[in-house]
Amino acid sequence: MNFKQIDQKKLSDGSLRILLEVETSQMMYLGYFLESLEGFCNYTTPIRKEPILQVDIVPDYIDDTLLILEFLKDWILENYR
């Protein structure tokens, strides 16, 4: 998938907030995958009409979620358009 991390910070509750810049045509697919991680993270588009996803990852699942995102980043999605 075509996305890159553009920012990261620890929140006061121990969660990790990352901002991902996502190719517009792949935004929906990444959203579906993040939805499947119910309980691991929440995501939103903080700036309407910009290809940015804000992902807040709960402390217990930071490592697992980052591993999943690395897997998805390496996954070639061009054939699914």
Side-chain angles (χ1 to χ4, degrees):
M1 298 185 80
N2 193 3
F3 65 87
K4 66 180 177 179
Q5 183 174 321
I6 57 173
D7 193 25
Q8 170 179 312
K9 67 179 174 180
K10 256 320 192 191
L11 302 179
S12 61
D13 65 355
S15 297
L16 179 67
R17 174 171 290 165
I18 59 174
L19 293 180
L20 302 175
E21 184 175 28
V22 185
E23 183 177 310
T24 304
S25 66
Q26 297 184 9
M27 180 85 71
M28 179 183 67
Y29 295 106
L30 185 55
Y32 284 142
F33 285 114
L34 292 174
E35 283 289 327
S36 73
L37 301 176
E38 186 176 339
F40 281 44
C41 62
N42 296 310
Y43 75 96
T44 188
T45 51
I47 304 169
R48 191 174 183 168
K49 297 192 179 200
E50 288 198 24
I52 305 292
L53 281 182
Q54 174 183 298
V55 183
D56 293 343
I57 309 168
V58 299
D60 291 342
Y61 297 109
I62 291 172
D63 292 337
D64 294 330
T65 303
L66 292 177
L67 283 172
I68 291 167
L69 287 171
E70 279 302 311
F71 170 80
L72 290 173
K73 188 175 184 180
D74 292 337
W75 186 33
I76 298 172
L77 191 63
E78 276 79 31
N79 296 333
Y80 296 93
R81 289 186 191 176

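Numbers for residues simply follow the sequence, beginning at 1.
In this structure, the separation between CG on Leu69 and SG on Cys41 is 7.0 Å, given to the nearest 0.5 Å. A distance of 11.5 Å separates CD of Glu23 from CG of Leu30, quoted to the nearest 0.5 Å. To the nearest 0.5 Å, atoms CG (Asn2) and CD (Glu21) are separated by 9.0 Å.
When all heavy atoms of Leu16 and Gln8 are compared, the closest pair comes out as CD1-CG, 3.4 Å. Here the closest non-hydrogen pair linking Leu72 and Phe3 is C-CE2, 4.0 Å. Across every non-hydrogen atom of Asp56 and Arg17, the tightest pair is OD1-NE, 2.7 Å. Heavy atoms only, all atoms of each residue included: Pro51 and Met27 are closest at CA-CE, 3.3 Å.
Hydrophobic clustering keeps Val22 apart from Ile47 (ILVMFWY residues linked when any side-chain heavy atoms are closer than 4.5 Å, directly or through intermediates). Leu67 and Met1 sit in two unconnected hydrophobic clusters of ILVMFWY residues. Membership requires side-chain heavy atoms under 4.5 Å apart, directly or through other members. Placement of Val58 and Leu11 in two distinct hydrophobic clusters is found when ILVMFWY residues are connected by side-chain heavy-atom separations under 4.5 Å, directly or transitively. The hydrophobic cluster containing Leu66 also contains Trp75, counting ILVMFWY residues as joined when their side-chain heavy atoms lie under 4.5 angstrom apart, directly or transitively. Tracing side-chain contacts under 4.5 Å through hydrophobic residues (I, L, V, M, F, W, Y), one never reaches Ile57 starting from Ile6; they form parts of separate clusters.
Applying the salt bridge (charged side-chain N to carboxylate O under 4.0 Å, His left out) definition to pairs two or more places apart or across chains, none involves residues 35-51.
Counting only heavy atoms from C-beta outward, the side chains of Leu53 and Thr45 approach each other to under 4.5 Å. Between Ile68 and Phe33, every side-chain heavy-atom pair lies at or beyond the 4.5 Å cut-off. Annotation: side chain of Ile62 is in contact with side chain of Lys10 (closest heavy-atom distance under 4.5 Å).
Applying the 6.0 Å contact sphere to CG of Asp63 captures no more than 12 heavy atoms from other residues, nucleotides or ligands. For OH of Tyr61, the number of neighbouring non-hydrogen atoms (other residues, nucleotides, ligands) closer than 6.0 Å is 12 at most.
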